[in-house]
Amino acid sequence: MSFPKGFLWGGAVAANQCEGAYLEDGKGLSVPDMLLGGTATKPRTFLPKADPTAFYPSHQAIDFYHHYKEDIKLFAQMGWKVFRFSINWGRIFPNGDDEKPNEAGLKHYEDVIDECLKYGIEPLITLSHYEIPWNIVTKYNGFYDRRVIELFVKYATTCMKRYKDKVKYWLTFNEINIPLLNEDGLGMLYGLGIIDPDDLHADHKIPLGELKWNWQTAMQALHHEFIASAKVVIEGHKINPDFMIGNMIAHIGIYPLTPNPNDVLECLKVDNIRYNFCGDVQIRGEYPTYIYRWMEENHVDPSYIKEGDQEILKAGTVDFHTFSYYSSNCITVDPEAAKAAGSVSQGIKNPYLSATAWGWQNDPVGLRYLLNHLHDRYPHTPLMIVENGLGAFDKVEEDGSIHDDYRIDYHRQHIQAIHEAILDGVPLIGYTTWGAIDLVSASTGEYAKRYGMIYVNRHDDGSGDFSRLKKDSFYWYKKVIESNGEDLK
Ligand code: BGP
């Protein structure tokens with residue numbers, strides 16, 4: 001048995017990481033526009049007031065805004081069946097709460113969609129990929145404020161009505177669980193639009209009142225995103241009953257560091273809170289029982305759950321479940337053992353795996369495990385991997401070739417693992433590689449961490465003419481798609 005007929009092969013990007021043109025055609029500022037670039041060892045920094053003299057890689061990104069025709073043509077050459085991209089909320093409603101949408105923004109995405117359709121590429125649109133309008137952050141404290149639910153629903157349904165005959169696949173919030181797993185708190189800002197009060201400068205005060213960055217704040221805002229997402233599912237199906245509307249979860253595989261039953265139990269708890277909770281709400285349509293004890297232990301008062309919310313969650317369950325997967329790490333209750341094992345990005349090192357320069361451990365077997373786990377948990381929900389890729393430094397040879405065999409190996413191993421999961425009986429409908437074209441990294445804000453199968457000549461010192469080059473992985477992925485996953489050589 002091979003990959004199913006009609007399997008959705010393709011690639012994924014996010015508007016804020018590729019478009020650039022950050023103030024063009026009426027677009028308003030959004031969260032990533034306020035973040036300076038970092039490096040593998042120096043995190044991205046947040047400036048609550050944009051500094052005109054500083055270099056923000058995402059302001060130009062790879063200038064996809066003006067290169068989309070050329071780029072989609074390259075995607076078509078690879079044989080893509082689907083292209084996942086996000087609409088930047090601030091291009092449609094520059095302040096997030098404007099009365100009328102910005103026609104130039106709507107028209108721009110319509111052109112991008114038409115360009116995909118011209119080549120028979122199915123658009124898969126993420127409605128919110130860390131692109132909350134800045135005005136929503138400063139005026140409302142992001143999704144902490146219940147009024148933002150309706151603002152998001154208005155934005156989402158405006159897009160859905162406009163593109164209803166052209167776009168079938170939609171995702172509401174990218175990596176909705178990100179506030180639950182980012183220890184540095186960036187997930188609060190990216191995912192929920194809430195600024196750390198410590199980051200507030202005197203000249204940019206926000207009426208935060210007593211609001212703090214804590215679980216109470218995060219869980220309330222997250223609840224509002226659940227309601228917003230469910231409402232968009234309900235309204236979306238009225239706009240076009242054939243829409244497939246999905247959720248999106250960030251999955252990092254986790255294992256107990258040792259067979260100590262306490263490590264195993266801790267791993268289960270972490271898995272539930274960080275990774276299962278959001279999917280359980282969005283797929284089963286209700287809060288899982290385990291969350292109530294955790295909320296109590298973490299001083300979360302659920303009084304933000306209002307009458308009628310349960311019904312909305314039940315009626316607004318998603319049609320398919322999508323997720324990102326890059327790496328895995330370990331969990332232990334023993335701080336000494338953790339120290340001895342060493343740490344990697346967002347967790348404890350697994351001695352059986354190797355890691356990239358950014359500390360992301362490569363674990364294809366973990367992907368097969370996860371696919372089986374998700375299918376067991378949600379047996380009636382189709383699954384799709386909408387992000388998987390390798391961030392690496394690439395070298396351009398004198399003749400313009402780029403030999404990224406490490407990236408080919410990464411994707412080969414993961415596609416093999418996916419194939420095994422399909423043989424295990426997992427109903428997977430598609431796979432979009434992350435990046436597919438180089439772009440600005442979400443966590444570090446740099447160009448140097450490249451994911452693409454298409455190279456973009458643009459660098460962290462602001463140099464580069466944005467020209468595109470095909471990497472070896474470009475030709476490899478084309479073969480994979482042509483053979484529907486048979487030819488992985
Ligand atoms: C996911 C995000 C993407 C993307 C990717 C890679 O969390 O949804 O936007 O960027 O991770 O992460 P990074 O760019 O930090 O390497």
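All ligand and atom numbering here is 1-based and tracks the order in the structure.
Taking the centre of each ring, H251 and Y275 come in below the 6.0 Å mark. Checked against the 6.0 Å centroid threshold, H59 and Y22 count as a close aromatic pair. Two rings, from W9 and H411, have their centers 6.0 Å or more apart. Remark: aromatic rings of Y431 and H419 are distant, center separation not under 6.0 Å.
Under a 4.0 Å criterion applied to the non-hydrogen atoms of S441, ligand 1 contributes the atoms 13 (P), 14 (O), 15 (O), 16 (O). Taking a cut-off of under 4.0 Å to the non-hydrogen atoms of H129, the atoms of ligand 1 that pass are 2 (C), 3 (C), 8 (O), 9 (O). Near N174, meaning under 4.0 Å from one of its heavy atoms, ligand 1 places the atoms 8 (O).
A donor-acceptor pair under 3.5 Å links the side-chain atoms of N350 to the main chain of Y352, judged by distance alone. Side-chain atoms of T157 come within 3.5 Å of backbone atoms of V153 as a donor-acceptor pair (strictly under, hydrogens ignored).
For atom 3 (C) of ligand 1, the closest heavy atom belonging to the protein is E387 OE1, 3.4 Å. Among all non-hydrogen protein atoms, the one lying nearest atom 7 (O) of ligand 1 is E175 OE1, 2.6 Å. Of the protein's heavy atoms, A442 N, 2.6 Å lies nearest to atom 14 (O) of ligand 1. Shortest contact from atom 12 (O) of ligand 1 to any protein heavy atom: W360 CH2, 3.4 Å. Given atom 5 (C) of ligand 1, the protein heavy atom at minimum distance is Y326 OH, 3.2 Å.
The proximity of I178 to ligand 1, defined as any non-hydrogen pair under 4.0 Å, does not occur for either the backbone or the side chain.
For W358, the closest heavy-atom approach to ligand 1 does not fall below 4.0 Å.
Annotation: side chain of I331 is not in contact with side chain of D271 (no heavy-atom distance under 4.5 Å).
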